[in-house]
Amino acid sequence: MKFCKLECLIKPFKLEEVKEALTKFGVSGLTIYEVKGFGRQRGHIEIYRGAEYRVDFVPKIKIEIFITDDRLDEAIEVVCGAARTGSIGDGKIIVTPIESITRIRTGEKDADAL
């Protein structure tokens, strides 16, 4: 059996919705990071007390999920469905193949470690 890591970059306000959708899908664990970056939109302009200033790095949430290869496409659909707003900056999903997974506490490997 093969495994993949999904790195999902989403808008912060979509975190709860994505987490609930992944839980219903059967994902047993995930890791989140608060990150900042920019894509095609290259940040945006905000106005504070009448002064304009440029926000170059947009706040995002990065979710990491480990999943078996046979559930990969469905997991991607679940994340896309929950995270999509239809506007610029909805995010990205990056898939990386994983050679092996080991649970430190028990020594369980691969599917047992998920």
Side-chain angles (χ1 to χ4, degrees):
M1 185 175 290
K2 294 184 179 187
F3 303 93
C4 292
K5 175 174 76 169
L6 271 69
E7 295 175 76
C8 311
L9 298 163
I10 64 168
K11 292 182 175 185
F13 69 88
K14 286 296 206 167
L15 175 59
E16 228 15 74
E17 206 173 320
V18 171
K19 184 188 82 163
E20 287 176 19
L22 286 168
T23 301
K24 283 181 186 174
F25 175 65
V27 169
S28 59
L30 53 86
T31 304
I32 69 159
Y33 306 88
E34 292 180 8
V35 297
K36 292 182 180 187
F38 65 85
R40 289 184 183 161
Q41 80 269 24
R42 299 277 188 236
H44 61 276
I45 304 291
E46 287 193 6
I47 298 174
Y48 179 71
R49 294 187 177 189
E52 255 187 30
Y53 67 97
R54 181 159 190 77
V55 177
D56 290 325
F57 296 103
V58 179
K60 297 284 183 180
I61 296 292
K62 178 180 176 181
I63 303 171
E64 286 186 353
I65 307 156
F66 295 97
I67 195 151
T68 54
D69 209 26
D70 60 331
R71 301 185 74 204
L72 177 63
D73 291 336
E74 198 175 351
I76 290 170
E77 286 178 28
V78 167
V79 173
C80 285
R84 184 178 293 121
T85 67
S87 62
I88 292 175
D90 272 353
K92 303 253 186 311
I93 299 174
I94 300 107
V95 178
T96 308
I98 299 294
E99 289 292 320
S100 177
I101 301 171
T102 303
R103 185 183 309 272
I104 294 172
R105 181 178 53 88
T106 62
E108 294 169 301
K109 290 207 167 273
D110 300 329
D112 294 331
L114 288 180

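Sequence positions, counted from 1, serve as the residue numbers for this chain. It should be emphasised that the depicted structure is a prediction, and the values quoted were computed from it without experimental measurement.
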*Straight-line distance of Leu22 CG to Glu17 CD, nearest 0.5 Å*: 11.0 Å
*asked:* Taking side chain to side chain donor-acceptor pair (under 3.5 Å) as the definition, give me every residue that meets it alongside Lys19, ordered by chain and number, with sequence neighbours left out.
replied: Glu16
List the atom pairs, with distances to 0.1 Å, where a side-chain N or O of residues 96-106 and a protein N or O form a donor-acceptor pair under 3.5 Å, not counting sequence neighbours.
residue	atom	partner	partner atom	Å
Ser100	OG	Asp110	OD1	3.4
Thr102	OG1	Lys109	NZ	2.9
Arg103	NE	Glu108	OE1	2.8
Arg103	NH2	Asp112	O	3.4
Arg103	NH2	Ala113	O	2.8
Thr106	OG1	Glu108	N	3.2
Thr106	OG1	Glu108	OE1	2.8

_Minimum heavy-atom distance between Ala82 and Ala21, given as atom pair plus value_ = CB-CB, 3.9 Å
_side chain to side chain donor-acceptor pair (under 3.5 Å) against Glu20, all qualifying residues, sequence neighbours excluded_ = none
*Find out whether Tyr33 and Lys60 are in side-chain contact, i.e. whether some heavy atom of one side chain is under 4.5 Å from a heavy atom of the other.*
no
*Which residue pairs pass the salt bridge (charged side-chain N to carboxylate O under 4.0 Å, His left out) test with at least one member in residues 81-90, sequence neighbours excluded?*
Lys11-Asp90
_Any Leu9 side-chain heavy atom under 4.5 Å of Ile63 side chain_ = no
_Are Cys80 and Ile93 packed together at the side-chain level, in the sense that at least one heavy-atom pair is separated by less than 4.5 angstrom?_
yes
What pairs of donor and acceptor atoms, side-chain ones from residues 65-75 against any protein atom, are under 3.5 angstrom apart with sequence neighbours left out?
residue	atom	partner	partner atom	Å
Thr68	OG1	Asp70	OD1	2.6
Arg71	NH2	Phe25	O	2.6

*Rounded to the nearest 0.5 Å, what's the gap from SG on Cys8 to CD1 on Ile61? Could you check?*
12.0 Å
*What pairs with Glu7 under side chain to side chain donor-acceptor pair (under 3.5 Å), at least two apart in sequence or on another chain?*
Lys62
*Same cluster for Leu114 and Leu6 if Ile/Leu/Val/Met/Phe/Trp/Tyr side chains link at under 4.5 Å?*
no
*Joint cluster assignment, Ile32 & Val95, ILVMFWY side-chain distance < 4.5 Å*: yes
*asked:* Hydrophobic clustering (ILVMFWY, side-chain heavy atoms < 4.5 Å, transitive) - are Val27 and Val18 grouped together?
replied: yes
